[in-house]
Number of protein chains: 2
Amino acid sequence: MADGKAGGTQSGEALLFLTDEQLRKGIEAMFFAYRGFTADPDRILEKYGYGRAHHRAVHFIARAPGTNVNNLLAILGVTKQSLNRVLRTLIEDGLVESRVGVQDKRERHLYLTETGQSLEAELSEAQRARMRVAYRDAGHEAVAGFRRVLEAMMDPDQAAYFHAMSKTLSKKEE
Amino acid sequence: MADGKAGGTQSGEALLFLTDEQLRKGIEAMFFAYRGFTADPDRILEKYGYGRAHHRAVHFIARAPGTNVNNLLAILGVTKQSLNRVLRTLIEDGLVESRVGVQDKRERHLYLTETGQSLEAELSEAQRARMRVAYRDAGHEAVAGFRRVLEAMMDPDQAAYFHAMSKTLSKKEE
DNA sequence: CTTGGAATGTCAACAACGCTGACTTAAAGT
DNA sequence: ACTTTAAGTCAGCGTTGTTGACATTCCAAG
C-alpha cells in the first residue's frame, strides 16, 4: 500500500489484469480528456460572456425541449438557486423562452429561441467535431468500448437520466 | 441544422457511421461519467475541508515526487496564483513539503509528507475502486477502446503531459 | 560585478458557479 | 380549508478560476 507499484489491490483477476498503474492511467486519461472535451465550447462561451453552466442548460433544453425546471434540475444535479441564476440570464438575453404550463400552470416549460438554437448549434458543432475526430482516430470498436466504460462509471441514478435522455424527445408539454 | 436528427454533418463515412445523435450521446456520456468519476473523491475531500484543486495537486505530486511548481502549473493548466493558494494550505496543513532546490535554489521541489500520502492513498483508492468496477463491467477490449478515445480527445500538448507522466517517475531532484 | 530575466511567492480584486437558508407566490391536490 | 409542490428570489458564503501589480531570490550573461 506504500508504493502501489504492482502488488496493489486487484479484483477480477480471472478476467482482467488491472494493476494500480493501469487504473491510475485511466484516471489521468479522464482528467486530460475532459479538459480537451470542454476546451472548444469554453472558447466559444467566452465570446458571449457565458460559462459552462450556461452550456449545460442550453444543451439539455435543446435535447428535451419543453422540459420543466425540476426535470432540468435533476439532470444537472445542481440547486434551484444555481440553475435559476443561469436560466435568468439566458431568458433575459433572449436565448431561452419560459412558457407557463397549460395542464399545470405552476410548471414552466423551457424552449430555445432561434438565437438560443444558434448558440447551441455553434457549441454542439464544436464539441461534436472533436468527438468525431476522436472517434475516427480510435476506430469503431474503441468507440463501443469507450461508451461501455463511461456508462459503467456513472452513478446508477445518473445513468438512468442518461438512458432516458434518448427517449425524452417525447414532449409531455401541455 | 435545425433538428440534427439524422441528416447532420458526417465525416469518415467509409469507416464509421457517426450520426449527430451518436456524437451527442458520447458527449452526454462524458458529462455523466465525469460526475461519477469525481463523486467519491469529492465526498472524501469534504471531510477534510478540501476541494478538487487540492486533489489534483496531491495526485500529481504523488505521481512525480520532487516536481517543481512550474511543472505542476503546466500539468494542471491553472495560474500560479490559483495553484499557490491550494499549495499553501497543503503545506500549512503538513500534507506537502516544499524543499528548496539544491542545483537551482529558486525552484521548490514538492513532496508529500506521510499525512499527504495517506490522504492521497484514500482518494486514489476510492477513485481506482470505481475505475476497477467500470473496467470489469465493460471488459478488457472496452478498456482499450476507452483509453484510445480519451487520448484522441486530448489537446496535443495535454497528451504530451499525459504520456510523459509515466516516465516522470524519474526524479530530477538535486 | 552589475544587470536582466526567470522562478517563485504574495496581495488585492473580481467572476463563475456551486452551496445553504429563508421566504413568497401561485396552483394543484386532498 | 389546508397542505404540498413548482418556481422564483434574496442574502450570504466557499472554492477555484482569472488579471494585474509587485517583491524576492538567484542564475547567467555582459
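The sequence lines fix the lettering, A, B, ..., with proteins before strands; numbering per chain opens at 1.
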Length of the CD-C1' vector between Gln81(B) and dT15(D), whole Å: 16 Å

Polar pair under 3.5 Å, donor/acceptor by atom type, side chain Arg85(A), base dG18(C): yes

Upstream residue (5' side of DNA chain C) when Lys80(A) and Tyr50(A) are each assigned their closest nucleotide: Tyr50(A)

Whole angstrom value for the distance that separates P of dG17(D) from CG of Leu83(B): 9 Å

Residue pair His109(B) / Thr67(B), side-chain donor-acceptor N/O under 3.5 Å: no

Side-chain N or O of His54(B) closer than 4.0 Å to phosphate OP1/OP2 of dT15(D): no

Protein-nucleotide distance (Leu110(A), atom CG; dG8(D), atom C1'), rounded to Å: 13 Å

For atom CD of Glu46(B) and atom P of dG14(D), their distance in whole Å: 14 Å

Carboxylate-amine/guanidinium contact Arg24(B) Glu21(B), below 4.0 Å: no

Side-chain donor-acceptor contact under 3.5 Å, Tyr48(B) with Asp93(B): no

Closest contact, heavy atoms only, Arg148(B) versus Ala142(A): NE-CB, 3.8 Å

Residue Lys105(B), side-chain atoms from C-beta onward, closest of dG18(C), dA7(D), dC27(D): dC27(D)

Any Thr79(B) side-chain nitrogen or oxygen under 4.0 Å from OP1 or OP2 of dT18(D): yes

Atom pair distance, as rounded to whole Å: NE2 in His109(A) and P in dA6(D): 12 Å

Nearest-angstrom distance from the residue atom CG of Leu90(A) to P of dG8(D): 12 Å

Whole-Å gap separating P (dT20(C)) and CG (Asn84(A)): 15 Å

Lys/Arg N to Asp/Glu carboxylate O, Asp155(B) vs Arg35(A), below 4.0 Å: no

Along DNA chain D (nearest heavy atom to each residue), the more 5'-positioned of Arg88(A) and Asp104(A): Asp104(A)

Atom-pair distance (CG on Leu45(B); C1' on dG14(D)), nearest Å: 14 Å

dA6(C) phosphate, OP1 or OP2, under 4.0 Å from Asn70(B) side-chain N/O: no

Donor-acceptor pair present, Arg106(A) side chain and dT5(D) base, under 3.5 Å: yes

